[in-house]
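Remarks on the structure that follows.
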2 protein chains.
Amino acid sequence: MERIYQETAGKLKALSDPKRLKIVDMLSCGEMCACVILESFHITQPTLSHDMRVLLEAGLVRDRREGKNTYYSLNREALDALRAVLGQMFQDKPDCICRLAEQACREGKEGEQGHDRST
Amino acid sequence: MERIYQETAGKLKALSDPKRLKIVDMLSCGEMCACVILESFHITQPTLSHDMRVLLEAGLVRDRREGKNTYYSLNREALDALRAVLGQMFQDKPDCICRLAEQACREGKEGEQGHDRST
DNA sequence: CAAACATATTGACAAACTTCTATTCGACCC
DNA sequence: GGGTCGAATAGAAGTTTGTCAATATGTTTG
C-alpha cells in the first residue's frame with residue numbers, strides 16, 4: 001500500500017530536474033544518440049551520462065548500444081503508467097486513503113488506540 | 001521555452017517524496033486538518049509543517065486557517081495542469097523539441113556553428 | 001596493435017534536502 | 001492575564017544530489 005508512494009516518488013524524483021525533463025521531451029518522438037543530446041546542454045559528458053543513468057534506473061528510458069554510440073529512447077509504457085498513477089492520486093475516489101484516515105481518526109477520538117501510523 | 005522545464009521540475013520535486021505524495025492522495029477527496037494528516041505519519045509536527053510548505057510553495061495545495069487549526073486542500077487545477085504538461089512532454093508531436101535538436105545537429109555537421117546550447 | 005572516439009566510472013566538493021529539537025506565534029479558555 | 005493547544009520558524013546534523021576533472025572501458029579504424 002505504501003510501496004506505490006515510494007516507487008512513484010522515485011520516478012518523479014528522476015524527472016524533477018529541468019535537464020532530465022528536457023531530455024525526456026527530446027526523446028518523445030524517437031530515439032536519440034547521447035552525443036546529440038549532449039549538444040543541447042551546457043554540461044559535460046559525465047554529467048549527461050549520470051543523468052541518463054538516473055532516468056534508466058527509474059525505468060523511464062531505455063538504452064541501446066550500437067558500436068561506439070549509445071541510443072536512448074522513452075519507455076512509453078512506464079511514463080503512461082506514471083501519469084495514470086498520478087491521475088488516481090489526484091482524483092477523488094470512494095476508497096480514498098483519506099477516508100480511511102478520517103475513520104481511523106474518528107475511532108481514535110472515541111477509543112484512542114491503534115492508529116495506522118505507517119509511514 | 002526553457003522555463004516550462006524549470007517550473008515543471010519544481011512541481012515534480014515537490015511530489016518526489018513518498019510522504020508528500022501520500023498527503024496529496026489523502027487530500028484528493030477533500031480538505032483535511034493538519035493534525036489529522038500528522039496522525040498518519042511517523043514524523044514530528046515541524047517536519048509535516050515543512051512538507052506542507054513545500055507543497056504550498058509549489059502551488060499544488062492551498063491552506064486555510066480556522067482558529068487554531070490549519071486545513072489543507074488540493075489545488076486541482078494546478079495538478080491537472082501538471083499532468084497535462086507531462087502528457088505533452090511524453091507524447092510525440094510534430095513540433096517536438098527533438099526535431100529542432102536534430103536539425104541543429106545536421107546544420108552543425110555541415111557548418112559547425114551556432115548550436116542552441118541553452119540549458 | 002595503436003590511435004581516436006563515444007561513453008561510463010571514480011572521486012571530490014558544494015549546494016540542496018530531510019529531519020530533528022527547541023522555541024515562538026496566535027488563538028482559545030478559565 | 002496565564003495556561004494550553006495547534007502550527008510555524010530557527011538552527012543544526014546528517015544525507016543526498018549535481019557537477020566537474022580525471023580516468024577507465026569498449027569500439028572502430030588505419
Side-chain angles (χ1 to χ4, degrees), chain A residues 2 5-6 9-24 27 31-58 60-73 101 105 108-109 112 115 117-119, chain B residues 2 5-6 9-23 27 31-58 60-73 101 105 108-109 112 117-119:
Chain A
E2 302 290 340
Y5 298 120
Q6 198 83 35
K11 289 171 185 174
L12 293 177
K13 179 165 290 186
L15 292 174
S16 71
D17 176 292
K19 260 185 291 83
R20 293 196 290 265
L21 212 46
K22 181 173 173 179
I23 290 169
V24 167
L27 295 178
E31 81 171 7
M32 208 171 227
C33 176
C35 61
V36 175
I37 299 174
L38 183 59
E39 293 188 322
S40 298
F41 295 93
H42 286 301
I43 57 176
T44 62
Q45 176 269 320
T47 298
L48 177 64
S49 187
H50 166 259
D51 280 321
M52 295 317 297
R53 176 200 269 264
V54 171
L55 289 170
L56 279 170
E57 288 184 346
L60 302 179
V61 310
R62 298 204 183 85
D63 63 344
R64 178 174 72 83
R65 299 297 303 254
E66 186 179 313
K68 294 184 291 189
N69 299 307
T70 303
Y71 292 86
Y72 293 99
S73 57
C105 185
K109 297 275 193 233
E112 209 61 52
H115 284 270
R117 295 175 146 265
S118 51
T119 304
Chain B
E2 302 292 339
Y5 298 119
Q6 198 82 36
K11 288 171 186 175
L12 293 177
K13 179 163 288 185
L15 291 175
S16 71
D17 176 292
K19 261 184 289 85
R20 294 197 289 264
L21 213 45
K22 181 172 173 179
I23 290 168
L27 295 178
E31 80 171 9
M32 208 171 226
C33 176
C35 60
V36 175
I37 299 174
L38 182 60
E39 292 187 322
S40 297
F41 295 93
H42 287 300
I43 57 176
T44 61
Q45 175 269 318
T47 298
L48 177 64
S49 187
H50 166 259
D51 280 321
M52 296 316 299
R53 174 199 270 265
V54 170
L55 290 171
L56 279 170
E57 289 184 345
L60 301 178
V61 309
R62 297 206 183 85
D63 63 346
R64 177 174 73 83
R65 300 297 303 256
E66 185 178 315
K68 294 182 293 189
N69 300 307
T70 303
Y71 293 86
Y72 293 98
S73 57
C105 186
K109 297 274 193 234
E112 210 62 53
R117 291 175 150 265
S118 51
T119 305

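Each chain gets a letter, A, B and so on, in the order its sequence line appears, and its residues count up from 1.
Taking 4.5 Å as the limit, some side-chain heavy atom of A:Leu55 sits within range of a side-chain heavy atom of A:Leu15.
Counting to the nearest Å, the P atom of D:dG26 and the CG atom of A:Asp63 are 15 Å from each other. The distance from atom CG of B:Leu21 to atom P of C:dT18 is 13 Å, rounded to the nearest whole Å. Counting to the nearest Å, the P atom of D:dA8 and the CE atom of B:Met52 are 9 Å from each other. Look at CG on A:Leu38: it is 10 Å from C1' on C:dT7, rounded to the nearest Å. Rounded to whole angstrom, the span from the CD atom of B:Glu57 across to the P atom of C:dT18 amounts to 12 Å. Following rounding to the nearest Å, A:Met32 (CE) and C:dA6 (C1') show an atom-to-atom distance of 17 Å.
The minimum heavy-atom distance linking A:Ala14 with A:Ala58 is given by the pair CB-CB, 3.6 Å. Contact record, A:Tyr72 with A:Leu27: O-CD2, 3.4 Å, taken as the closest heavy-atom pair. The two residues B:Pro18 and A:Tyr5 come nearest to each other via the heavy atoms O-CB, 3.8 Å. Of all heavy-atom pairs between A:Arg20 and A:Asp51, the closest is NH1-OD1, 2.8 Å.
A:Phe41 carries A:Lys22 over the face of its six-membered ring, with the cationic atom under 6.0 Å from the centre and within 45° of the normal.
Considering only residues two or more places apart in sequence or on other chains, A:Ser16 meets the side-chain contact (heavy atoms from CB on, under 4.5 Å) condition with A:Lys13, B:Leu12, B:Lys13, B:Ser16.
For the segment residues 65-72 of chain B, residues with any heavy atom less than 4.0 angstrom from an atom of DNA chain D are, sorted by number, B:Lys68, B:Asn69, B:Thr70, B:Tyr72.
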Discussion item. Return a single string for nucleotides 17-25 of chain D, one symbol per nucleotide in 5' to 3' order, where B is base contact, S is sugar-phosphate-only contact and - is none, cutoff 4.0 angstrom on heavy atoms.
Written reply: SSBBBB---
Discussion item. Pair B:Met52, B:Asp63 - check side-chain contact (heavy atoms from CB on, under 4.5 Å), show working.
Written reply: CA-CA 9 Å; B:Met52 296 316 299; B:Asp63 63 346; over 6 Å; no
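In terms of phosphate contacts, B:Arg53 brings a side-chain nitrogen or oxygen within less than 4.0 Å of OP1 or OP2 of D:dT9.
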